[in-house]
Amino acid sequence: MGYSAVPKCPPRGRGRDSVWQTPDMLVEIETAWSLSGYLLVCFSAGYFIHDTVDIVASGQTRASWEYLVHHIMAMGAFFSGIFWSSFVGGGVLTLLVEVSNIFLTIRMMMKISNAHDHLLYRVNKYVNLVMYFLFRLAPQAYLTHFFLRYVNQRTLGTFLLGILLMLDVMIIIYFSRLLRSDFCPERVPKKQHKDKFLTE
């Protein structure tokens, strides 16, 4: 592609190896940089590539098309940090969703085990709601607000804004499914697609 995958460390990062030692990465989304943040983005992009290939190779494309759309958009965003060393902070912020995934996974495992009436499930559904707001909705809203400044520009930021807006729609849809399933179960359709991402 004509770009080196090994970035020249921008001055703001000062070569620090930890996101915790580079708090400006959470504010200077475009220019802040740290080695740990960069490696995290690289690792995450590799995961999305691997998972995409696995879905296609296993013949699950139709059942998991939402995963594929999400992965392709995520890879497009992460590559900006890998090849251009820009918006690494934004990539790190988007990965805060993994905190919420812990409780979504607990929820899924308990649903598979038919433990809907268990106390842990009832507690987890409220914790899950809070974590979804703190680590999915809030960071997405913050990033969307930041990237809206690029709306009239033909830049990498405009491209990332487009990806972000599509992810916003997906996250809101998933949130509505979560609310309907755990707090309004009487409104959940009887026939559901078992392979659908974040099913009721």
Side-chain angles (χ1 to χ4, degrees), residues 1-55 64 66-106 108 127-128 130-147 149-150 155-168 170-171 174-175 197-198:
M1 293 178 62
Y3 295 93
S4 172
V6 180
K8 296 179 180 178
C9 179
R12 281 190 173 275
R14 295 186 178 91
R16 298 170 189 169
D17 293 338
S18 171
V19 175
W20 301 110
Q21 294 175 328
T22 317
D24 58 339
M25 179 174 287
L26 303 180
V27 180
E28 298 294 337
I29 293 173
E30 181 179 1
T31 56
W33 192 93
S34 76
L35 180 59
S36 61
Y38 177 78
L39 293 176
L40 178 62
V41 169
C42 290
F43 179 84
S44 300
Y47 160 76
F48 285 123
I49 292 172
H50 174 273
D51 203 43
T52 299
V53 172
D54 181 63
I55 289 172
S64 304
E66 292 180 16
Y67 273 118
L68 291 176
V69 172
H70 173 270
H71 288 5
I72 290 170
M73 289 191 294
M75 285 187 287
F78 287 147
F79 286 161
S80 69
I82 295 172
F83 295 108
W84 288 276
S85 297
S86 297
F87 300 105
V88 173
V92 172
L93 270 176
T94 60
L95 290 169
L96 286 175
V97 301
E98 298 306 323
V99 177
S100 173
N101 282 346
I102 296 171
F103 303 95
L104 284 171
T105 301
I106 293 173
M108 181 184 68
V127 175
N128 193 20
V130 174
M131 294 297 107
Y132 202 100
F133 176 80
L134 291 178
F135 294 101
R136 285 180 181 263
L137 295 177
Q140 283 291 124
Y142 174 69
L143 285 170
T144 301
H145 178 266
F146 176 87
F147 278 100
R149 71 181 64 183
Y150 295 98
T155 63
L156 179 61
T158 309
F159 168 72
L160 294 177
L161 173 62
I163 290 177
L164 194 61
L165 291 175
M166 288 187 284
L167 288 174
D168 287 347
M170 294 182 75
I171 285 178
Y174 297 156
F175 187 56
F197 180 43
L198 219 168

Just how far is it from atom [atom1] of [X] to atom [atom2] of [Y], taken to the nearest 0.5 Å?
X    : Y    : atom1 : atom2 : value
I171 : Q140 : CD1   : CD    : 3.5 Å
I55  : L68  : CD1   : CG    : 4.5 Å
F147 : T158 : CZ    : OG1   : 10.0 Å
Y150 : F159 : OH    : CZ    : 14.5 Å
I102 : N128 : CD1   : CG    : 11.0 Å
Y174 : E66  : OH    : CD    : 4.0 Å

For the residue pair [X] and [Y], what are the closest heavy atoms and their distance?
X    : Y    : answer
I163 : A77  : CD1-N, 3.9 Å
S80  : L156 : CB-CD2, 3.7 Å
V88  : A32  : CB-O, 4.2 Å
L96  : F135 : O-CB, 3.3 Å
S44  : L95  : OG-CD1, 3.3 Å
Y142 : I29  : CE2-CD1, 3.6 Å

Under the side-chain contact (heavy atoms from CB on, under 4.5 Å) test, which residues partner [X], sequence neighbours left out?
X    : value
Y47  : D51
T144 : L148, L164, L165, D168
I72  : M75
L134 : V130, M131

Hits for side-chain hydrogen bond (donor to acceptor under 3.5 Å, both in side chains) against S86, two or more places apart or cross-chain, chain-then-number order -> none

Do [X] and [Y] have side-chain heavy atoms sitting under 4.5 Å apart?
X    : Y    : result
F103 : Y132 : no
F87  : T31  : no
V69  : M73  : yes

Ring pair (Phe, Tyr, Trp, His ring centres under 6.0 Å) with F78: which residues, sequence neighbours excluded?
->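 Residues passing ring pair (Phe, Tyr, Trp, His ring centres under 6.0 Å) with F78: F48.
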
